Every structure is written in C-alpha cells, then in structure tokens.
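Values in this document were obtained by computation on a predicted structure and should not be read as measured data.
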Amino acid sequence: EMPTATFKIEGISRKSALHYLRYEFLTTNFQSQKYKNQASFEYVLPNVGEESPEVIAEIKNCYEEIQRMYERLRATNCDSEWSRIVLPNGTAQTMTLHSNFRQYRHVFNCLCDEVYVQENKKVAVTMLRILKKEAPVFFEDFVEREDGSWKVPGDNRNLKVNFGLGSHERKNLGIETYEEDTIE
C-alpha cells in the first residue's frame with residue numbers, strides 16, 4: 001500500500017472523468033468549468049469504430065449548436081452558472097488521479113473488463129501499461145491478450161461489483177454467491 005502513482009489525464013470527457021469519482025479511494029482533481037473560458041469549448045467524440053460516421057456528424061452538429069446557445073446565454077449577461085448548465089457531458093476535461101498501487105489494482109480489475117465504456121477502459125489500460133512498465137512486480141498478473149483484451153486477476157465480474165451487498169441481497173438480484181460469502 002506504500003507505492004503510489006499520480007496521473008494527469010487530458011482530453012477525457014466530463015462524463016468519464018466523473019465516473020472516477022465512484023472510486024472514493026482515488027484522489028481526484030478536476031479542472032473547474034467555473035474558471036475556464038468556454039468561448040470555444042473542446043469536446044470528445046466517440047471512436048469511429050464505435051459509432052457510424054453519420055452518428056458522429058450528428059454529435060458534432062449538436063455540440064456546435066450547444067456552443068452557439070452558450071454564447072447567446074453569455075451575451076445576455078445572465079449568471080455564468082446558468083450559461084454553463086448547457087455544456088454537455090462530452091466537454092473535454094483535464095483531471096489528475098492519485099492512489100496507491102493496491103487501489104489501482106482494483107480500478108484496473110474493474111475497468112479493463114470488456115463491458116466498460118471504451119473511453120474509461122482506454123484510460124485505465126493506458127495507466128496499467130505505464131505501471132506494468134515502471135513497476136512490473138506489482139502488476140505482472142495483468143496480462144494483455146493478443147486481441148487487446150486483458151486477463152485480470154480473478155476475472156469474475158460478480159466479484160468486482162456489488163461488493164457492498166450482502167449475500168441475501170445478491171441472491172435476490174440474481175448475482176452469483178460463494179460459500180465464503182455467506183457472512184452477513
């Protein structure tokens with residue numbers, strides 16, 4: 001638990017940056033929209049492989065309209081808090097993450113899973129690759145497969161989420177439980 005790492009992440013969507021707040025053991029620091037000039041805000045688009053070019057063009061059109069709406073609101077001299085309310089979750093964000101290696105292992109165990117949003121997974125995989133290079137002994141059991149997916153310790157989705165639920169609650173939700181999991 002002693003070794004730690006800090007990452008500065010630029011160009012992540014606000015939606016994905018806020019996702020990291022779920023991990024209360026990560027120390028996060030976000031760029032404030034309150035003090036940032038949004039005269040021409042930057043935004044994040046999905047990967048072309050994830051969405052069709054038509055969908056991406058539609059998202060770009062929406063962002064351009066939001067930019068015009070933001071500028072119109074700012075021109076009315078309304079409170080800047082209300083002007084910023086129209087900014088989308090796709091607005092580009094800068095953030096820092098800091099934690100110890102044990103907690104990063106948990107984050108990688110969750111976010112390197114195939115079911116996660118690609119943007120969140122891309123950030124986690126980038127951090128994992130850096131830590132595997134710089135501190136291999138702590139992360140050697142995370143193995144990248146030829147297809148780009150990751151073999152992570154445990155590799156069982158049910159063990160990674162809903163850890164705050166008792167076994168009875170898990171059974172009611174249809175989540176697999178184990179013998180050692182019966183203590184309430």
Side-chain angles (χ1 to χ4, degrees), residues 1-33 41-52 55-56 59 63 87-167 169-170 173-178 180-181:
E1 293 186 19
M2 296 302 286
T4 63
T6 302
F7 293 93
K8 181 179 181 182
I9 304 164
E10 296 178 331
I12 187 173
S13 71
R14 186 155 183 83
K15 173 190 70 70
S16 288
L18 291 172
H19 174 82
Y20 283 96
L21 290 177
R22 292 180 59 201
Y23 300 98
E24 296 172 348
F25 45 77
L26 290 176
T27 302
T28 58
N29 189 5
F30 293 89
Q31 178 183 33
S32 174
Q33 286 185 341
F41 69 87
E42 297 174 27
Y43 49 84
V44 178
L45 291 170
N47 292 334
V48 176
E50 293 178 28
E51 300 293 339
S52 69
V55 171
I56 292 176
I59 292 171
Y63 283 157
L87 296 176
N89 274 338
T91 304
Q93 184 78 36
T94 299
M95 68 179 293
T96 58
L97 293 175
H98 177 82
S99 192
N100 65 42
F101 284 6
R102 179 174 160 235
Q103 302 303 344
Y104 276 124
R105 287 182 58 81
H106 175 72
V107 170
F108 300 149
N109 199 348
C110 292
L111 294 184
C112 290
D113 196 311
E114 293 304 309
V115 301
Y116 263 87
V117 175
Q118 287 302 307
E119 184 182 11
N120 295 346
K121 181 180 174 185
K122 183 179 176 183
V123 169
V125 165
T126 301
M127 291 189 300
L128 175 56
R129 285 184 179 137
I130 291 168
L131 288 174
K132 277 184 69 76
K133 179 182 174 195
E134 299 299 325
V137 70
F138 294 100
F139 299 95
E140 65 190 0
D141 52 343
F142 288 86
V143 179
E144 188 170 11
R145 298 180 179 125
E146 287 184 24
D147 66 356
S149 66
W150 285 83
K151 168 74 172 118
V152 298
D155 223 42
N156 184 329
R157 184 90 184 121
N158 289 330
L159 295 177
K160 295 181 211 170
V161 294
N162 301 316
F163 52 85
L165 300 176
S167 61
E169 294 167 302
R170 292 182 197 171
L173 292 170
I175 298 172
E176 190 175 352
T177 59
Y178 300 92
E180 66 268 13
D181 209 14

Closest non-hydrogen atom pair between [X] and [Y], with its separation:
{"X": "I12", "Y": "A17", "result": "CD1-N, 3.9 Å"}
{"X": "A92", "Y": "G11", "result": "CB-CA, 4.3 Å"}
{"X": "W150", "Y": "R145", "result": "O-NH1, 3.4 Å"}
{"X": "V44", "Y": "S13", "result": "CG2-N, 3.6 Å"}
{"X": "A124", "Y": "Y20", "result": "N-OH, 3.8 Å"}
{"X": "Q103", "Y": "S99", "result": "CB-OG, 3.0 Å"}

Report the distance from atom [atom1] of [X] to atom [atom2] of [Y], rounding to the nearest 0.5 Å.
{"X": "E42", "Y": "T94", "atom1": "CD", "atom2": "OG1", "answer": "8.0 Å"}
{"X": "K15", "Y": "N120", "atom1": "NZ", "atom2": "CG", "answer": "5.5 Å"}
{"X": "I9", "Y": "L97", "atom1": "CD1", "atom2": "CG", "answer": "4.0 Å"}

Q) Going through the checks in order, is the side-chain contact (heavy atoms from CB on, under 4.5 Å) test met by R14 and L87? A) CA-CA 10 Å; R14 186 155 183 83; L87 296 176; over 6 Å; no
Q) Aromatic ring centroids of Y104 and F7 under 6.0 Å? A)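 Yes, the ring of Y104 comes within the 6.0 Å limit of the ring of F7, centre to centre.
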Q.
H98 vs T96, test: side-chain contact (heavy atoms from CB on, under 4.5 Å). Steps then yes/no.
A. CA-CA 7 Å; H98 177 82; T96 58; over 6 Å; no
(Q) Evaluate F138 against L131 for side-chain contact (heavy atoms from CB on, under 4.5 Å), listing each step before the verdict. (A) CA-CA 8 Å; F138 294 100; L131 288 174; over 6 Å; no
Q. Would a 4.5 Å heavy-atom cut-off, applied to side chains only, mark Y23 and H106 as touching?
A.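 Of all side-chain heavy-atom pairs linking H106 with Y23, at least one is under 4.5 Å.
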(Q) Do E144 and L128 make a side-chain contact, defined as non-hydrogen atoms from C-beta onward lying under 4.5 Å apart? (A) no
Q) Distance-only, no hydrogens or angles: does the E119 side chain make a donor-acceptor pair with backbone N or O of S16 under 3.5 Å? A) no
Q: Step by step, work out the side-chain contact (heavy atoms from CB on, under 4.5 Å) result for R105 and D141.
A: CA-CA 10 Å; R105 287 182 58 81; D141 52 343; 2.7 Å; yes
Q: For the pair Y63 and Y43, name the ring-plane relationship: parallel under 30°, tilted 30 to 60°, perpendicular over 60°.
A: tilted
